[in-house]
Each structure stands twice: as C-alpha cells, then as structure tokens.
Amino acid sequence: MREWFTELNTKRIAWIDATRQNDFERGIKNLTVDKYTEPLHFIYELLQNAEDQYATKVQFSLHDERLEFCHNGDPFTQADVESITGIGNTQKAGQGNKIGCFGIGFKSVFEITDCPEIYASLDNEFFGFAIRDQVVPEMLQCNAADFKTGWTRFVFPFKPKADHLDDQIKTKMRELGADTLLFLNQLKEIQWETQSEQGTYLCERSEPPYEYCHMISEAGTKGDNRVCDESNYLRFSKRSSVDSGKSQAVVRLAFRLEANTIVAEEGLSVLNVFFPTSEKTNLKFRLHAPMLLTDSRANIKTDNVINAQLLEDCATLLAECLPLLKRIDLLNAECLDCLPIRQEDFPLKSTFRLGLPRNTVQGVKQVGRVE
C-alpha cells in the first residue's frame, strides 16, 4: 500500500473519530448529502466530474443491487484521491470552466450508497479503493476484471432496503435527454443500460462562431429497434467579464432549429449552470451561465454581484448574436419572436428582467431592417 494512502487513511479515521466524539456526524451529513432537493442529483455530479476530467464518453449500468458508472477521462491522481475523500478541498476552485468539485459534489452519491468503490489508473497502475463514512479511503483487493483499461469505473452498491432506487434511476435514465450535453465542451456521449433496456444520448458539435449542435436520443428494449429522436440547436458563447481566477467563465445561449429556422423553445425554459436548474427564465431559448447556486443546486443566489454581472454578460451575448444571425439568414420574424423584447413576459421582480439585453432592440436596428 502506498505510504501516502496509508497516511491519508489514518488522518481521515482520526477526523471521523473526532467528529463522532463531538456529535457532529448528523450535521455534516445534512451539509454534504441531505442538502439536495433532488435525490438523484448525484447523476449530474458524476457527469460534471467526467466533463472536468476531459471525458468524451460515459456509461451507466444499472443492476439489481448496484449502479456502475464509467468515464474515459483523465486517470486519477493522488490529488484526486485526496479531494474525492475530502470535504470542500477541491483542486478546481476558481476555475470558471470547471463545474464539479470532488470534495462536495461527489458526496451526493451517499444518498444511494454507504460505500462507493472506485477502480482507476494511478501512476500507470491499476488502483482500487472504497470510501467509508464519506471521507475514509480503504484499499480494495482487486483483480484485472475489476478494471476497464482507459476508463475510470465507479461502483455504487445500494444501501439496504433501497429497492425503490431501481425504478427511480430507470426513469431518470429514460428522461435525461441528449440536451443534457448541450452546454458541455468535452462530453459528447452518454450510454445507459438496465437489465432490459438501453439507450444512448449524443451531441455532435461544430466549431465556433456558429456552433451547430446535433442532438440524438436513442432508447428501447434490448434486442429491439430503438426509438430515435433528433433535435438541432445553434449555440453561441462568450467569455464573461467575471474574473474567476485561473480561467474565465463562459456564458452561452442556444436557439432551437427546425428546418433551418429558429423556433421558440417549447415550455418554460430554465437556466442551465452546465446542467438544468429549477430557475425558470421565461426565455424562448436555452441559456447557460456558471452562476453561484444555493446549496441545493436548484436556484441561483439572489442579490449576488457575480450573478448580476453574468446576467449582464448573457444580455451582451444575445445582442452580439444578432449580426451573426443576420449573416446566415436566420434573423427573421420567427427569430424575433424568440427574443425577450416583451416586458410583460418578465415581471418587475423577475431575476431575468434585470438581465434583459437593454440593447437588443437597438441591436436589431443596427444590423439592418428585418424582412
């Protein structure tokens, strides 16, 4: 066993003992696991960390007593082991284009498991360990069959009496959708399977400034022809003026395309912070900004200077899109109908009223008369 791993194990056990002596264990669980309003939020956290590890493909496999997750991203490092077994000691702080943080986000998996297992490559060697009590790493006795070359494999044995999880995860896999990939840069494919079903979500993206995103969703019973659903989006991106440390934050928006025409997004759109939140925007297009969220990861923090600036950047991006849309003959009546130019759509107390592009109408005039 590596000396640093033994030392880490000893330190984490000492911390757990002190936590229990002070009767802090319940409080820590409230802060790290029970804070999420969505019990299956861990699925997004796994996707987030795969994206941050530069994975292009992930796989979910649901079994009777466990869920497995694999990604083909970067191999583990010692720092990753320390972060994933820690609380808040992520290596990604201040990186505006990084989403997840092993230290806190990964703790959401303890909603379904008591002891997750990780089989990875570390220093060009197979390395397997489990995490007990949220923070204690324990070496596993492994064989070659436990590993998947070029992939990192996570195994989540379900908690006792967790039969209800099976149906919930099946439903989540069916409903996840290819648009889950819309605002990511690395991840392009999600595969999932249960004992009787399987599916794939794909996102094919072109290069800026016209980022065409072709979304494909396939699902069905194993052995049968799968139902295929396709959709298309035109995505635009802009570096934010927010200083996030090592790398700049990026805001994005995406218009839905049908028959090479921009159409209004169906239903009430929600803000994406890489993945969908519960924050309704009332916009007729998709919007992404790496805003600061509440602990539940469901809503944005209000009266926050950083979030206010990100909204302004989104407004600027929308105005800057107009000349590009005109250049490719998409700035027409259907496109105008998708723009947030009707004040009645945004009540006075609406978060996104403050972020409306004040120069949108002016921008339309600047790029020429719309036929």
Side-chain angles (χ1 to χ4, degrees), residues 177-184 203-217 229-238 240 250-291 300 307 310-371:
D179 54 353
T180 300
L181 301 167
L182 181 58
F183 291 115
L184 303 182
C203 179
E204 301 170 349
R205 310 183 193 97
S206 65
E207 296 298 318
Y210 310 113
E211 301 173 275
Y212 287 97
C213 299
H214 181 51
M215 325 295 292
I216 304 172
S217 299
D229 179 57
E230 299 184 47
S231 60
N232 294 282
Y233 285 87
L234 182 60
R235 191 179 83 167
F236 295 94
S237 304
K238 176 183 177 62
S240 170
V250 173
V251 296
R252 293 191 168 98
L253 59 84
F255 294 101
R256 188 178 180 92
L257 292 175
E258 290 183 5
N260 201 35
T261 298
I262 290 177
V263 298
E265 186 68 29
E266 296 180 2
L268 289 174
S269 291
V270 297
L271 173 70
N272 285 259
V273 180
F274 297 96
F275 298 104
T277 68
S278 298
E279 195 78 40
K280 294 179 179 179
T281 67
N282 282 341
L283 297 170
K284 296 181 180 180
F285 53 84
R286 301 287 184 99
L287 183 68
H288 155 74
M291 296 187 184
I300 64 174
N307 286 349
L310 287 168
L311 281 173
E312 290 292 334
D313 292 332
C314 290
T316 301
L317 171 61
L318 179 58
E320 292 176 353
C321 286
L322 300 178
L324 296 175
L325 291 172
K326 185 176 188 297
R327 192 176 304 163
I328 55 179
D329 297 324
L330 287 178
L331 189 60
N332 49 29
E334 290 82 0
C335 177
L336 287 177
D337 186 55
C338 296
L339 299 181
I341 55 179
R342 301 179 184 84
Q343 290 190 0
E344 60 270 21
D345 291 341
F346 303 91
L348 287 175
K349 294 184 179 181
S350 168
T351 300
F352 295 90
R353 184 184 180 94
L354 297 177
L356 289 177
R358 302 186 183 102
N359 54 349
T360 296
V361 176
Q362 180 183 357
V364 173
K365 294 177 180 178
Q366 289 174 347
V367 298
R369 184 170 61 88
V370 178
E371 300 295 339

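The basis for the numbers below is simple: all heavy atoms, side chains too, and nothing from hydrogens, waters or symmetry mates. Small disclaimer: the values here were computed from a predicted structure and weren't measured.
In terms of heavy atoms, Ala289 sits closest to Val273 at O-CG2, 3.4 Å. Taking both residues in full, the closest heavy atoms of Phe285 and Ser269 are given as O-OG, 3.5 Å, listed atom of the first, atom of the second, then distance. The two residues Asn260 and Leu330 make their nearest non-hydrogen contact at O-CD2, 3.1 Å. Nearest heavy atoms, Glu230 versus Ile216: CG-CG1, 4.2 Å. Between Leu271 and Phe352, the closest heavy-atom pair is CB-CZ, 4.1 Å. Among all heavy-atom pairs drawn from Arg286 and Leu182, the shortest one is CG-CD2, 4.1 Å.
One distance of note links CZ of Phe275 with CG of Asp179; it measures 11.0 Å at 0.5 Å rounding. Summarising the geometry, atom CG belonging to Leu318 is positioned 9.0 Å from atom CG belonging to Leu287; distances are rounded to the nearest 0.5 Å. Atom-to-atom distance recorded for Arg256:CZ and Thr261:OG1 is 13.0 Å, nearest 0.5 angstrom. If you take SG on Cys321 and OH on Tyr210, they are separated by 10.5 Å, rounding to the nearest 0.5 Å. Atom CG of residue Leu336 and atom CD1 of residue Ile341 lie 6.0 Å apart, to the nearest 0.5 angstrom. Taking CG of Leu322 as the start and SG of Cys335 as the end, the distance is 7.0 Å to the nearest 0.5 Å.
Applying the salt bridge (Lys or Arg N to Asp or Glu O under 4.0 Å) definition to pairs two or more places apart or across chains, those involving residues 204-215 are Glu211-Arg235.
Contact of the Phe255 side chain with the Leu325 side chain is registered, since non-hydrogen atoms from C-beta on lie closer than 4.5 Å. His288 is not listed as a side-chain neighbour of Leu184, based on a closest heavy-atom distance of 4.5 Å or more. Side chains of Glu334 and Val263 form no contact here, defined as non-hydrogen atoms less than 4.5 Å apart. Between Ile300 and Met291, the closest side-chain pair of non-hydrogen atoms falls below 4.5 Å. A 4.5 Å side-chain heavy-atom check between Leu317 and Leu253 finds at least one atom pair inside the cut-off. At a threshold of 4.5 Å between non-hydrogen side-chain atoms, the residues Tyr212 and Asn232 do not count as touching. The side-chain heavy atoms of Leu324 and Arg327, taken from C-beta on, include a pair separated by under 4.5 Å.
The only member of Asp337, Leu257, Asn332 that meets side chain to side chain contact (heavy atoms under 4.5 Å, CB included) when paired with Ile262 is Leu257.
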Could you please spell out the steps behind the side chain to side chain contact (heavy atoms under 4.5 Å, CB included) verdict for Thr180 and Met215?
CA-CA 10 Å; Thr180 300; Met215 325 295 292; over 6 Å; no
Please test Lys284 against Asp345 for salt bridge (Lys or Arg N to Asp or Glu O under 4.0 Å), starting from the C-alpha separation and ending with a verdict.
CA-CA 11 Å; Lys284 296 181 180 180; Asp345 291 341; 5.1 Å; no
Residue pair Val251, Leu310: steps toward the side chain to side chain contact (heavy atoms under 4.5 Å, CB included) verdict
CA-CA 7 Å; Val251 296; Leu310 287 168; 3.9 Å; yes
Step-by-step side chain to side chain contact (heavy atoms under 4.5 Å, CB included) determination, Thr277 to Asn272
CA-CA 6 Å; Thr277 68; Asn272 285 259; over 6 Å; no
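The salt bridge (charged side-chain N to carboxylate O under 4.0 Å, His left out) test applied to Asp313 returns no partner, not counting sequence neighbours. Evaluation of the ring-ring contact (aromatic ring centres under 6.0 Å, His included) rule for Tyr233 yields no partner, not counting sequence neighbours.
Taking the six-membered ring for Trp and the full ring otherwise, the centers of Phe274 and Phe183 sit at least 6.0 Å from each other.
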